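Working notes for the structure below.
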Amino acid sequence: MFFVVRRMKHVVKIMSLVVAVSSIWIVLLQAAIIPRSYTLLLPIYFVVSLGCYGLLMIGIGLMQFPTCPEESVLLQHDIAEAKDYLSGNGIEVVSD
Amino acid sequence: MADENESKGEKKYKYSIIIPTYNERLNIAIIVYLIFKHLRDVDFEIIVVDDGSPDGTQEIVKQLQQLYGEDRILLRARAKKLGLGTAYIHGLKHATGDFVVIMDADLSHHPKYLPSFIKKQLETNASIVTGTRYVKGGGVHGWNLMRKLTSRGANVLAQTLLWPGVSDLTGSFRLYKKSALEDVISSCVSKGYVFQMEMIVRATRKGYHIEEVPITFVDRVFGTSKLGGSEIVEYLKGLVYLLLTT
């Protein structure tokens, strides 16, 4: 069973998940454990939550975005060092 | 024979570093110098795949071959710009290493990270080690807020849809076991950075062991906006393609 799931194309995996969740939703509608009006709105709640989660992840990621300004300086040093060595060995590297 | 090697220490592996170039006259010399600087005790070869650069890139490479040896620097040029994917395939044909590193020639990928790629692979026996800019220890310099926003948004979308198993999907600083690269590249058809995404997603689907190391990325294309509307459309099309075919 697990092997079958592993070999499925990714989109098939996602569709199976969607079908599974939809069937639960339909069962909930039929069984009426939760009042019908709430159950009908569940998909909308889900989509909105997914959207909020996505925006949250983007926001957090943006705030935590790793930057490295010192790397630019280090790179300049490396370039200078390289140019020195190369011109000492007869290779002229001139910037345009 | 194998026991002899094992009792002496580690088995010595050879690394082929494939660098596709187009008009990288200045950068290729610097990158070669830095690779030799940071890989002192490593058996490696550099394969420069130049697509007929008009700026004299190949002349500089030939000078570098005189300096460092023609067995360490291979120039495998092509007549004209033929694309990244085919450049890797072309380079692969001439690679004699056990492992293949792919990296950019414009110094956004710094050779000082090569030892950490190698170390990670030896420690974990991973098939693929990919550099990630988005974790602690990694980072990006030279991106404005808009660029960071689109990058982050693109990443979240791709993570949600594709479950790729890596944090940096579009990165192109990677180390592959030669057999793994040959296998994955044969099934990839996209172009540009979607190609890089396709490579890593297909590798994940095929069950390859993938590890990540943090890298820093200094974007040297200052001022030009590389992310227009058409780029975003291309990206979304690529995502849908990967969603449906992997």
Side-chain angles (χ1 to χ4, degrees), chain A residues 2-18 20-21 46-96, chain B residues 23 25-34 36-37 55 60 63-64 66-68 107-108 110-112 132-143 145 148-149 151-157 159-164 201 204-205 207 214-220 240 242-246:
Chain A
F2 190 64
F3 180 78
V4 170
V5 171
R6 239 189 134 251
R7 281 275 157 265
M8 274 186 216
K9 283 238 184 294
H10 185 68
V11 65
V12 174
K13 262 191 236 177
I14 296 209
M15 292 320 293
S16 328
L17 224 81
V18 170
V21 171
F46 176 70
V47 170
V48 170
S49 316
L50 199 64
C52 289
Y53 174 76
L55 288 174
L56 188 70
M57 294 312 290
I58 293 179
I60 291 179
L62 207 58
M63 287 193 302
Q64 290 181 334
F65 209 107
T67 56
C68 49
E70 68 282 355
E71 289 295 330
S72 182
V73 177
L74 288 174
L75 185 59
Q76 293 310 314
H77 287 161
D78 282 333
I79 294 177
E81 180 187 317
K83 280 187 177 169
D84 263 342
Y85 177 85
L86 290 167
S87 56
N89 279 281
I91 301 181
E92 286 307 318
V93 219
V94 195
S95 328
D96 341 278
Chain B
N23 283 347
R25 201 181 170 284
L26 169 61
N27 295 326
I28 192 65
I30 297 172
I31 257 216
V32 167
Y33 168 80
L34 289 172
F36 275 91
K37 176 182 175 188
D55 73 342
I60 283 269
Q63 289 183 43
L64 291 164
Q66 295 308 311
L67 179 58
Y68 289 104
L107 290 175
S108 53
H110 199 299
K112 67 184 174 188
T132 169
R133 300 162 284 184
Y134 300 144
V135 302
K136 208 163 179 269
V140 178
H141 176 74
W143 281 6
L145 185 65
K148 285 184 197 169
L149 182 64
S151 154
R152 197 67 216 153
N155 205 285
V156 168
L157 193 60
Q159 295 287 339
T160 311
L161 288 179
L162 295 175
W163 313 349
V201 172
T204 307
R205 302 284 182 255
I215 57 165
T216 55
F217 182 94
V218 178
D219 197 336
R220 307 187 71 216
V240 173
L242 288 177
L243 183 62
L244 295 177
T245 61
T246 59

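Computed from a prediction, not measured in an experiment: that's the story for all the values here.
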Query raised in the report: Is there a side-chain contact between A:Tyr85 and B:Leu67 (heavy atoms, below 4.5 Å)?
Result: yes
**Report entry** Derivation and outcome, side chain to side chain contact (heavy atoms under 4.5 Å, CB included), residues B:Lys112 and A:Leu74
**Finding:** CA-CA 11 Å; B:Lys112 67 184 174 188; A:Leu74 288 174; 3.9 Å; yes
Query raised in the report: Just one of B:Val140, B:Ile215, B:Thr216 clears the side-chain contact (heavy atoms from CB on, under 4.5 Å) bar with A:Glu71, so which one?
Result: B:Thr216
Report summary line: Interatomic distance, CZ@B:Arg152 vs CD1@A:Ile58, rounded to 0.5 Å, equals 8.0 Å
Query raised in the report: Does some side-chain heavy atom of A:Asp78 sit less than 4.5 Å from a side-chain heavy atom of B:Ile30?
Result: no
**Report entry** Atom pair CD/CG of A:Glu92 and B:Leu26 - distance to nearest 0.5 Å
**Finding:** 12.0 Å
Query raised in the report: Any side-chain heavy atom of A:Phe65 sitting closer than 4.5 Å to one from B:Ser151?
Result: yes
**Report entry** side chain to side chain contact (heavy atoms under 4.5 Å, CB included) evaluation trace for A:Leu86 with B:Val32
**Finding:** CA-CA 10 Å; A:Leu86 290 167; B:Val32 167; over 6 Å; no
Query - Nearest heavy atoms of A:Cys68 and B:Gly139, plus distance in Å - result: SG-C, 3.6 Å
Report summary line: The reported gap from CD1 in A:Ile79 to CG in B:Asn27 (rounded to nearest 0.5 angstrom) is 7.0 Å
Requested in this report: Tell me, out of B:Arg133, B:Gln159, B:Lys37, B:Gln66, who's got the most heavy-atom pairs with chain A below 4.5 Å.
Outcome: B:Lys37
Query raised in the report: Of B:Thr246, B:Leu244, B:Val240, B:Thr245, which is the lone residue that meets side-chain contact (heavy atoms from CB on, under 4.5 Å) with A:Val11?
Result: B:Leu244
Query raised in the report: Checking B:Leu157 against chain A: side chain, backbone, both or neither under 4.5 Å from a heavy atom?
Result: neither
Query raised in the report: How far apart are the closest heavy atoms of B:Tyr33 and A:Ala82, and which atoms are they?
Result: CD2-CB, 3.4 Å
**Report entry** Minimum heavy-atom distance A:Ser72-B:Val218, with the two atoms named
**Finding:** N-CG2, 4.1 Å
Requested in this report: Check each atom of B:Ile60 against the heavy atoms of chain A and say whether the ones under 4.5 Å are side chain, backbone, both or neither.
Outcome: side chain
Query raised in the report: Tell me, do B:Leu243 and A:Ile14 make a side-chain contact under 4.5 Å, heavy atoms counted?
Result: yes
Report summary line: Applying a strict 4.5 Å limit to non-hydrogen atoms, the region of B:Val135 in contact with chain A is backbone
Query raised in the report: Going from OG1 on B:Thr160 to CE on A:Met57, what distance comes out if it is rounded to the nearest 0.5 angstrom?
Result: 8.5 Å
Query raised in the report: Side chain, backbone, both or neither: which part of B:Lys136 has an atom under 4.5 Å from a heavy atom of chain A?
Result: neither
**Report entry** Contact class of B:Tyr68 relative to chain A, heavy atoms under 4.5 angstrom
**Finding:** side chain
Query raised in the report: Can you tell if the side chain of A:Thr67 reaches within under 4.5 Å of the side chain of B:Lys148, non-hydrogen atoms only?
Result: yes
Query raised in the report: Taking A:Gly54, A:Gly90, A:Gly59, A:Pro69 one by one, which has the highest count of heavy-atom pairs under 4.5 Å against chain B?
Result: A:Pro69
Query - Whether A:His10 and B:Trp163 hold their rings parallel, tilted or perpendicular, with breakpoints at 30° and 60° - result: perpendicular
